[in-house]
Each structure stands twice: as structure tokens, then as C-alpha cells.
Amino acid sequence: MPELPEVETVRRGLHRFVVGRHVQRVEVGRERTVRRTSRQQLIDGLTGTTIIGANRRGKYLLLPLDSGDEVMIHLRMSGQVLIADAGAVRPPHTHVVAHLAPGVGYGAQELWFVDPRTFGEVVVFDPTNVAVEIPDLARLGIDPIADDLSLAVLRRLLRARHRLLKPLLLDQHVIAGIGNIYADEILHEARLRPDRMSDELGPAGERRLHDAIHRILPAAVSAGGSTLGDAQYVDLFGAGGSYQDAHRVYGRTGERCITCGVGWIRRTVSAQRSTHFCPRCQR
DNA sequence: AAACAAACCTGTGCGC
DNA sequence: TGCGCACAGGTTTGTT
């Protein structure tokens with residue numbers, strides 16, 4: 001569910017409300033959530049530390065601790081990070097609880113990791129050993145918001161490969177953070193079909209793709225991300241985003257294209273993911 | 001090298 | 001009302 005704009009929204013919440021807080025106690029319910037290491041390793045690595053930062057790389061949340069370790073949180077399909085008053089009733093599928101000490105101006109609170117489908121994970125790791133402890137994080141591609149994805153760099157990424165655009169945009173080892181919703185929205189904005197080949201776009205197509213990435217993602221971040229009907233994605237306080245109202249193709253199969261007013265939105269499957277585009281706007 | 005298929009889980013919505 | 005199936009914001013692993 002959450003892609004770069006949603007994860008970035010959570011990161012900003014953590015930066016504002018959790019950085020500087022001391023972790024007094026940690027509970028782990030479902031062991032699957034901490035499967036990269038173990039229940040005990042998460043408890044031992046987090047208890048008694050202070051969270052000193054809130055960073056993001058692609059869809060990975062990274063919280064540096066005063067111990068020198070970092071917490072990595074990946075929400076995958078259904079993960080949520082929520083903040084609540086100490087003792088509040090927890091929702092079903094709350095797998096990790098970090099008890100945050102009270103401070104000046106606020107009381108004791110709890111940070112919850114909630115995840116019905118249990119694809120998500122939480123782990124404490126040693127960032128100097130990331131290549132061994134979290135190989136996929138170490139091999140992540142360029143982040144279009146946190147890093148500088150220039151037109152020249154994007155051109156090189158596109159031309160060095162012979163790939164369909166949709167699977168390429170979803171490939172976290174190339175560009176980190178774009179998921180199924182934003183891949184479709186970016187390709188529509190760029191007026192490129194999802195089945196175009198990356199090395200056959202031409203300078204104009206490459207430029208449109210570059211522009212689209214840098215228009216869609218920041219706009220979605222500003223809107224607090226996309227929250228669909230099931231409200232699975234919410235921010236730290238349980239509030240949804242509003243970018244779903246700006247979707248032009250995602251979830252609009254069979255509807256008239258908002259952009260051209262002539263085409264009809266088609267749904268195909270690419271990279272095993274539903275793919276939406278306007279055959280008239282996108283070529 | 002790159003696309004495809006299955007797997008990991010739970011919940012929801014829809015047709016019958 | 002209930003059942004069964006399709007589908008869901010992601011990623012990994014193994015196969016063509």
C-alpha cells in the first residue's frame with residue numbers, strides 16, 4: 001500500500017513527534033514482524049535507547065538510535081505506524097509497541113506497528129553492516145526525492161536497459177520509492193504507455209518522464225499521500241491523505257479519461273500488477 | 001538481462 | 001445470509 005509519498009508523510013510525523021523520545025519498554029506480539037532477526041533482538045536493541053532521527057530511503061523508514069544502531073521499518077502492503085496515548089486500546093494486528101517516556105509538554109505515549117497482512121517488518125540493525133543485515137536496503141536505487149534525480153541521470157538509467165516502463169518504474173533497485181499507484185500516474189502525466197521500452201523513448205519522452213516524476217511525487221507528498229477506500233494507509237495520528245482525489249488513471253478502469261475527455265481508461269496487467277492508462281493520451 | 005509466476009498473509013467486496 | 005472467488009498500496013525467489 002504505502003509508496004514514497006505515504007512513507008514520507010509518516011517520516012515527517014516521526015521527525016516531528018518521535019525524534020528525541022526515549023524508549024522505555026518494547027513489546028513484540030507476532031514474531032513474524034521481526035523475522036529478519038528475532039523478538040529478543042528487537043527488544044534488546046530498542047529498549048533504553050533514544051530515537052535521534054527519522055529518515056527515509058525509498059519505502060524504507062530508518063530511525064537512528066543513540067546506541068549507534070538504527071530501526072528499519074518497512075510497511076509493505078498493510079503496515080501502519082501509529083502514535084497513541086499510553087494505555088489506549090490497541091487495534092487488532094498490533095505487533096510491536098514501543099513505550100515512549102513522557103517529557104516536557106507531553107505525557108507517556110506508545111508507538112504502534114500495526115499490520116494485518118504481516119508482510120511488513122521491524123528490525124534493529126547496525127548501519128555499518130547494512131549490506132549483510134539488510135541487503136536489499138543496501139542495493140536500493142536512487143531516491144527521486146531524497147536524492148537528486150537529474151534528467152541526465154534518468155536518461156542513463158533508461159538507456160542502459162531494455163525494459164518495459166512499468167516494471168522499470170516499480171524496480172526498487174533502479175529508482176526507489178515508486179509503487180503501483182504512482183507508476184501509473186507518472187506514466188499518464190508523461191503521456192507514455194506502460195509497455196513502452198525504456199531505451200526507445202527519445203529525448204522528448206525522457207524529458208516528459210523526468211518532469212512527471214518531479215511533478216507527481218511532490219504533489220502527492222504535499223497531499224499527505226493517497227488513502228483508498230479501505231483506509232489502510234493513514235498517518236501517525238490515523239488521518240488519511242487526499243491525493244486519491246487527484247488520481248487520473250489509477251482505479252479508473254472503464255471511465256472516461258479526465259485529461260483528454262475522449263479516451264477510456266484501460267486496465268492491463270504488467271509485472272503482475274494492475275496497470276491503468278489512457279490509450280489516447282499515452283503513446 | 002528481463003519478464004513471468006508463485007509465494008508470503010489477511011480482509012473486503014462482489015456475483016450467485 | 002452465505003459461499004467462493006478476485007483482488008489489494010510490496011517484495012523475494014525461482015523459472016523461462
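A note on names: the letters A, B, ... follow the listed sequences, proteins ahead of strands, and every chain is numbered from 1. Owing to the predicted nature of the structure, the values given are computational and were not obtained by experimental measurement.
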Q: Between A/Arg32 and A/His93, name the one whose nearest nucleotide on DNA chain B is closer to the 5' end.
A: A/Arg32
Q: Heavy atoms under 4.0 Å is the rule here; annotate nucleotides 1-6 of chain B 5' to 3' with B where the base is hit, S where only the sugar-phosphate is, and - elsewhere.
A: -SSSBB
Which part of the nucleic acid, if any, lies within contact of [X], taking any heavy atom under 4.0 Å across all strands shown: a base, the sugar-phosphate backbone alone, or nothing?
X	result
A/Arg30	sugar-phosphate
A/Arg273	base
A/Tyr250	sugar-phosphate

Q: Compute the ring centroids of A/Phe237 and A/Phe17, then answer whether they are less than 6.0 Å apart.
A: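 Ring centroids of A/Phe237 and A/Phe17 are less than 6.0 Å from each other.
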Just the rounded figure in Å: distance from [atom2] of [N] to [atom1] of [X].
X	N	atom1	atom2	value
A/Leu137	C/dG10	CG	P	17 Å
A/Asp115	B/dC8	CG	P	16 Å
A/Asp230	B/dC9	CG	C1'	15 Å
A/Glu121	C/dT11	CD	C1'	10 Å
A/Arg117	B/dT10	CZ	P	10 Å
A/Gln80	C/dA8	CD	P	19 Å
A/Arg76	B/dC8	CZ	C1'	9 Å
A/Arg35	C/dT13	CZ	P	11 Å

Using only side-chain N and O atoms of [X], determine if any of them is under 4.0 Å from OP1 or OP2 of [N].
X	N	result
A/Arg267	C/dA8	yes
A/Ser274	C/dA8	yes
A/Gln232	B/dG11	no

Thinking salt bridges, do [X] and [Y] make one under a 4.0 Å N-O criterion?
X	Y	answer
A/Arg163	A/Asp171	yes
A/Arg76	A/Glu121	yes
A/Asp184	A/Arg248	no
A/Arg56	A/Asp143	yes
A/Glu8	A/Arg12	yes

Q) Given the P atoms of B/dA5 and C/dC7, what is the spacing between them in whole Å? A)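 About 14 Å, rounded to a whole number of Å.
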Q | Of the listed nucleotides C/dT12, C/dA8, C/dG10, the one nearest the side chain of A/Phe119 | A | C/dG10
Q.
Let's see if you can work this out: which of B/dC9, C/dG10, B/dG11 has an atom nearest to the side-chain heavy atoms of A/Glu3?
A. C/dG10
Q: Is it possible for you to say whether A/Val28 and A/Ile73 belong to one hydrophobic cluster, with membership spreading through side-chain heavy-atom contacts below 4.5 Å?
A: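 Shared cluster, yes.
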Q.
As a check on the pairing definition, encode DNA chain B in dot-bracket form, counting Watson-Crick and G-U wobble pairs whose two distances are under 3.5 Å, and using | for partners outside this strand.
A. .|||||||.|||||||
Q: Take the angle between the ring planes of A/His95 and A/Phe113 and call it parallel below 30°, perpendicular above 60°, tilted in between.
A: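 Rings of A/His95 and A/Phe113: tilted, as their planes differ by 30° to 60°.
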Q | Aromatic ring pairing A/Tyr182/A/Tyr243, orientation class (parallel under 30°, perpendicular over 60°, tilted between) | A | tilted
Q) Is there a donor-acceptor pair closer than 3.5 Å between any side-chain N or O of A/Arg39 and the backbone N or O of A/Gly29? A) yes
